[in-house]
Engineer: 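Please find one structure pasted underneath; my questions will follow.
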Amino acid sequence: MRVLILGAGGFLGAHTAERLSALPGVRLLVGGRSPDADVSLDLTADPARITDALHAAAPDAVVNCAGLVAGSAVRLADLNARGPAALCEALHEAAPSARLVHFGSAGEYGPTALNVPVTEDAPTRPQTPYGATKLAGTVAVTSSGLDAVVLRVFNPVGPGAPTAALPGRLAAELLRAGPDGTVRVGDLSAYRDFVDARDVAEAAVLAACAPGPLPPVLNIGSGHATPVRELAGRFVEAAGHLRQLQETGDGSARSGAVSWSCADIGAARTALGWAPSRTLEQSVTDHWRSLRTPVAR
């Protein structure tokens, strides 16, 4: 089985690529702009060039982990909305029978009902350019007519988390502050569904290899709403109890309008036989250790 992965250099992409490369019978092809890529492929290029690259790669499945979590609205639209649309157009021409697994985001939902895990058929009301562009990418994929599934990922944590999101930013600032330092953070009263990136990678692998058609969208989360303050406290414990947090900084522009978020993961359990296996404590501990040692996934 030939599997092409896009965005393998990113947080979720790196974990997914590692998991795919360990599967017997899978030949993993890394696509991207890097000179080291197996397939030279840029989703911001003309679709004809993407089509040529896909013709040459001849994939049985494509896992698209490429995307942008922060930046200008123009850049977000280019990578999160236009990129998936161009990929779908090219797949129609070059590999119409290939399975496409695309990473969406919980940001597509926007505010949801308090204390009610959100299902895939819930209204989508993104509050930010990030959420809106991710939703546009999802619509491009689900309306493409391809054998495709969008994994709507909630809040990924674990080794390699980028500083563009709270877990990675908090860990980096705690490390920089030193054992007696104080870190200023925004309001930590929100609730989020944190899921380990390695569990997300497992869901992507199952989706790429699953026989038969899949639902168009599957939530990938822990199925639990956790106070962001609890996540922060776990990082403080991992870093050393002398470090302190002050909730006097700026909050996240990406998620400030959403006070509570939790995934109903029943559909993913049914369609993929998937469930998360790592606890939040394990995710935080492994992330903190990875800042000082090579990442152990």
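What you see is a predicted model, and the numbers here were worked out from it, not measured in a lab. Numbering starts at 1 and runs along the sequence shown.
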Engineer: Using salt bridge (charged side-chain N to carboxylate O under 4.0 Å, His left out), reason through E202 and R19 one step at a time and then give a plain yes or no.
Structural biologist: CA-CA 7 Å; E202 181 63 27; R19 181 71 184 89; 2.6 Å; yes
Engineer: State, yes or no, whether a side-chain contact exists between V149 and H102 at a heavy-atom distance under 4.5 Å.
Structural biologist: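 Sidechains of H102 and V149: no contact.
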Engineer: On a heavy-atom basis, which atom in L135 and which in E108 lie closest, and how many Å separate them?
Structural biologist: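 Shortest heavy-atom separation between L135 and E108 comes out as N-CG, 3.5 Å.
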Engineer: Any chance you could lay out the salt bridge (charged side-chain N to carboxylate O under 4.0 Å, His left out) test for R198 and D286, step after step, and finish with the verdict?
Structural biologist: CA-CA 11 Å; R198 295 163 290 189; D286 290 350; 2.9 Å; yes
Engineer: Near Q282 CD, under 6.0 Å, is it more than 12 heavy atoms from other residues, nucleotides or ligands?
Structural biologist: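 Enclosed.
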Engineer: For a quick check under 3.5 Å, do S222 and D193 share a side-chain donor-acceptor pair by atom type?
Structural biologist: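 Checked: S222/D193 side chains pair up, N/O donor to acceptor below 3.5 Å.
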Engineer: Holding to ring pair (Phe, Tyr, Trp, His ring centres under 6.0 Å), I want the full list of residues that pass it with F235, two or more places apart in sequence or in another chain.
Structural biologist: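 Residues passing ring pair (Phe, Tyr, Trp, His ring centres under 6.0 Å) with F235: H287.
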Engineer: After noting the C-alpha distance and the side-chain angles of R2 and D60, does the key distance pass the salt bridge (charged side-chain N to carboxylate O under 4.0 Å, His left out) rule?
Structural biologist: CA-CA 5 Å; R2 295 166 65 87; D60 298 299; 5.7 Å; no
Engineer: Taking side-chain hydrogen bond (donor to acceptor under 3.5 Å, both in side chains) as the cut-off, I'd like each qualifying pair that reaches into residues 65-77, sequence neighbours left out, listed once.
Structural biologist: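 Qualifying pairs, neighbours excluded: none.
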Engineer: My understanding is that only residues two or more places apart in sequence, or in another chain, count here; which of them pass side-chain hydrogen bond (donor to acceptor under 3.5 Å, both in side chains) with S277?
Structural biologist: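 Only D199 meet the side-chain hydrogen bond (donor to acceptor under 3.5 Å, both in side chains) criterion with S277.
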Engineer: Please step through side-chain contact (heavy atoms from CB on, under 4.5 Å) for the pair D187 and R229, ending with a clear verdict.
Structural biologist: CA-CA 9 Å; D187 180 15; R229 193 171 285 118; 4.2 Å; yes
Engineer: Hey, are N115 and Y191 close enough side-chain-wise for a donor-acceptor pair under 3.5 Å?
Structural biologist: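 No, no side-chain donor-acceptor contact under 3.5 Å.
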Engineer: Under 3.5 Å, is there a donor-acceptor pair between the side chain of H15 and the main chain of P159?
Structural biologist: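 Here the side-chain-to-backbone pair exists.
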Engineer: Starting from the C-alpha separation in whole Å, work towards a yes-or-no answer on side-chain hydrogen bond (donor to acceptor under 3.5 Å, both in side chains) for D196 and S283.
Structural biologist: CA-CA 6 Å; D196 195 286; S283 302; 2.6 Å; yes
Engineer: Please answer whether the main-chain N or O of V153 pairs with a side-chain N or O of N219 as donor and acceptor at a distance below 3.5 Å.
Structural biologist: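 Here the side-chain-to-backbone pair does not exist.
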Engineer: Testing the 3.5 Å rule here: is there a donor-acceptor pair between the side chains of D264 and T119?
Structural biologist: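 No - no donor-acceptor pair under 3.5 Å links their side chains.
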Engineer: Quick one: are V63 and V3 in side-chain contact, heavy atoms under 4.5 Å?
Structural biologist: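 Yes. Closest side-chain heavy atoms under 4.5 Å.
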Engineer: When you measure from the side chain of T270 to the backbone of A267, do you find a donor-acceptor pair of N or O atoms at a distance under 3.5 Å?
Structural biologist: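 Here the side-chain-to-backbone pair does not exist.
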